[in-house]
Amino acid sequence: MRMPWLPSRNSASAPVPRIPLRTRTTEACAPLAIRPFRLHFTARMLSWTGSAVAPVGLAFAVLDLGAGASGLGLVLAAGVVPQILLLLIGGVVADRFSRARVMVWTNVLCAAAEGVAAVLLWAGSARVWHLVAISALCGAAGAFFAPAAGGVVVEVVPGEMRYQANALLKIGQNSVKVAGPAVGGALVAAFGPSWVIGWYAATFAAAAVLFARLDLAPARTKLRTGFVRDLKDGWDDFWARSWLWVMVIQGAVVVPVWLVGYQMLGPVYGDRYLGGAAAWGLVVSAFTGGLVLGAAMALMWKPSRVGVVVCVGTGAMSLPLAAMALTLPLAVLAVSTSAAGTGLSVSMTVWSSLLQERIPKERLSRILSYSTLGQVLPVPLGYVAAGPVSAVFGVRATLAAGSAAIVTAMIVPLTLSQVRALTLAPAEAEAAEEVLVTAPR
């Protein structure tokens with residue numbers, strides 16, 4: 001359904017009426033009037049408040065135990081590895097069973113695990129291996145939660161409102177990121193890491209209660225085939241859409257390059273060329289501000305050529321790396337980082353809506369698991385290789401190469417007509433794809 005402020009394709013010569021901002025805002029927030037989505041949105045907001053402050057609490061908890069940076073790295077790695085190993089299984093489970101129940105039980109598991117961590121820290125009985133085990137447990141739960149949560153919007157929001165629903169979720173997530181680290185630091189200073197981890201556990205528990213209240217309409221009967229067959233069907237669906245795996249390959253380049261350039265080498269650059277943590281903190285704030293701005297922009301603007309928008313938004317992430325490589329002034333770096341956050345937020349909102357529209361809901365979680373796995377799998381390799389590479393060629397040269405890699409990853413998919421032609425609400429293309437995917441192979 002076309003939103004009222006967007007002209008139809010056949011009305012190019014007609015004057016476009018000006019829609020008041022209040023009307024646009026009201027219609028953009030329409031998904032919040034749907035009770036299941038409102039519950040889902042509130043539950044996610046609670047979880048994000050915990051996730052925003054937890055890293056600070058966890059870091060200081062590990063440091064208080066005397067484990068240092070190596071211990072913290074071990075705890076963080078323990079949370080990532082199970083997600084990589086179990087993500088495909090999580091996609092199958094979310095497609096076979098109730099997504100709401102999957103989200104409930106994964107949140108219950110994390111609430112219990114983080115609650116144990118908080119008690120151990122409060123009692124002074126925690127050891128690093130406790131935190132490693134708890135991090136691994138929550139990482140495993142995340143491998144099941146993420147594909148389920150990614151597929152819930154299609155079950156609770158009508159198709160004509162899903163784009164706005166995704167934008168609202170992105171605004172909520174990014175808004176929490178702005179103040180989260182500062183609030184986490186203040187809470188650790190005032191109460192100690194154990195109370196921050198306790199709050200993290202409480203947000204999981206509260207989210208589980210809200211997810212349990214989701215009143216989902218009866219879904220289409222899910223055929224009980226073998227697990228391997230489900231996994232293979234998911235791969236066949238993924239591979240049948242060339243635009244999808246091309247864009248996932250793009251993500252497999254951009255995600256590790258960005259994480260290495262911004263999260264890993266960025267603070268090093270800030271220390272060497274910007275004068276320390278205060279200046280780099282300004283850059284980080286600019287990025288989070290851009291994330292919020294991009295989500296707000298996506299809420300008010302529904303683009304047509306989404307393949308182009310996703311690629312250009314992704315390409316914006318090359319700007320901060322190029323600014324650092326050229327040692328441009330801090331103000332220029334901050335503006336470029338804000339532009340990167342804006343582009344990333346818009347592209348992620350558009351991408352989520354495209355997948356929800358093009359992929360049948362009974363297969364969506366499996367497709368999401370393959371898509372996510374393809375993008376995060378190279379990340380550990382990037383972290384491992386970045387140190388030696390930057391030591392040999394220098395931080396600025398490594399950042400320049402990263403910027404060039406992102407620009408290349410932006411341009412290559414745009415050479416394909418399928419990517420350039422991607423649009424939202426493409427009824428004819430969707431029908432054609434459904435015939436392609438469901439036809440006997």
When you measure from the side chain of [X] to the backbone N and O of [Y], does any donor-acceptor pair fall under 3.5 Å?
{"X": "E114", "Y": "Y200", "answer": "no"}
{"X": "Q375", "Y": "S371", "answer": "yes"}
{"X": "R241", "Y": "D237", "answer": "yes"}
{"X": "N107", "Y": "A205", "answer": "no"}
{"X": "T106", "Y": "V102", "answer": "yes"}
{"X": "R420", "Y": "L414", "answer": "yes"}
{"X": "R366", "Y": "G91", "answer": "no"}
{"X": "S47", "Y": "A43", "answer": "yes"}
{"X": "S365", "Y": "P147", "answer": "yes"}
{"X": "T372", "Y": "S369", "answer": "no"}

Identify the heavy atoms of [X] and [Y] that sit nearest to each other, and give their distance.
{"X": "V309", "Y": "W301", "result": "CG2-CH2, 4.0 Å"}
{"X": "A316", "Y": "A339", "result": "CB-O, 3.9 Å"}
{"X": "G115", "Y": "A201", "result": "N-CB, 3.4 Å"}
{"X": "V310", "Y": "W351", "result": "CG2-N, 4.2 Å"}
{"X": "A149", "Y": "R44", "result": "CB-NH1, 3.5 Å"}
{"X": "C138", "Y": "C110", "result": "SG-SG, 3.6 Å"}

To the closest 0.5 Å, what do you measure between [atom1] ([X]) and [atom2] ([Y])?
{"X": "L364", "Y": "Q356", "atom1": "CG", "atom2": "CD", "answer": "6.5 Å"}
{"X": "F211", "Y": "L46", "atom1": "CZ", "atom2": "CG", "answer": "9.0 Å"}
{"X": "L120", "Y": "S125", "atom1": "CG", "atom2": "OG", "answer": "6.5 Å"}
{"X": "K302", "Y": "Q164", "atom1": "NZ", "atom2": "CD", "answer": "6.0 Å"}
{"X": "D233", "Y": "D95", "atom1": "CG", "atom2": "CG", "answer": "10.5 Å"}

| query | Does R162 come within less than 4.0 Å of E357, counting only side-chain N to carboxylate O? | reply | no
| said: Among residues at least two apart in sequence or on other chains, which ones pass ring-ring contact (aromatic ring centres under 6.0 Å, His included) with F144? | reply: none
| message | Holding to ring-ring contact (aromatic ring centres under 6.0 Å, His included), I want the full list of residues that pass it with W239, two or more places apart in sequence or in another chain. | response |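 So W239 forms a ring-ring contact (aromatic ring centres under 6.0 Å, His included) with W235, W245.
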Tell me, do [X] and [Y] make a side-chain contact under 4.5 Å, heavy atoms counted?
{"X": "W243", "Y": "L354", "value": "yes"}
{"X": "P320", "Y": "L333", "value": "yes"}
{"X": "L373", "Y": "V248", "value": "no"}
{"X": "M103", "Y": "L214", "value": "yes"}
{"X": "V308", "Y": "V419", "value": "no"}
{"X": "S304", "Y": "L424", "value": "no"}
{"X": "L299", "Y": "Y163", "value": "no"}
{"X": "I406", "Y": "V253", "value": "no"}

| message | Are W48 and F204, when compared by the centres of their aromatic rings, separated by less than 6.0 Å? | response |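 No, ring centres 6.0 Å or more apart.
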| said: Within the supplied structure, the quantity of interest is the number of heavy atoms (other residues, nucleotides, ligands) at a distance under 6.0 Å from M348 CE; does it exceed 12? | reply: no
| message | Taking side chain to side chain donor-acceptor pair (under 3.5 Å) as the cut-off, I'd like each qualifying pair that reaches into residues 335-349, sequence neighbours left out, listed once. | response |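 Residue pairs with at least one partner in residues 335-349: N174-S345.
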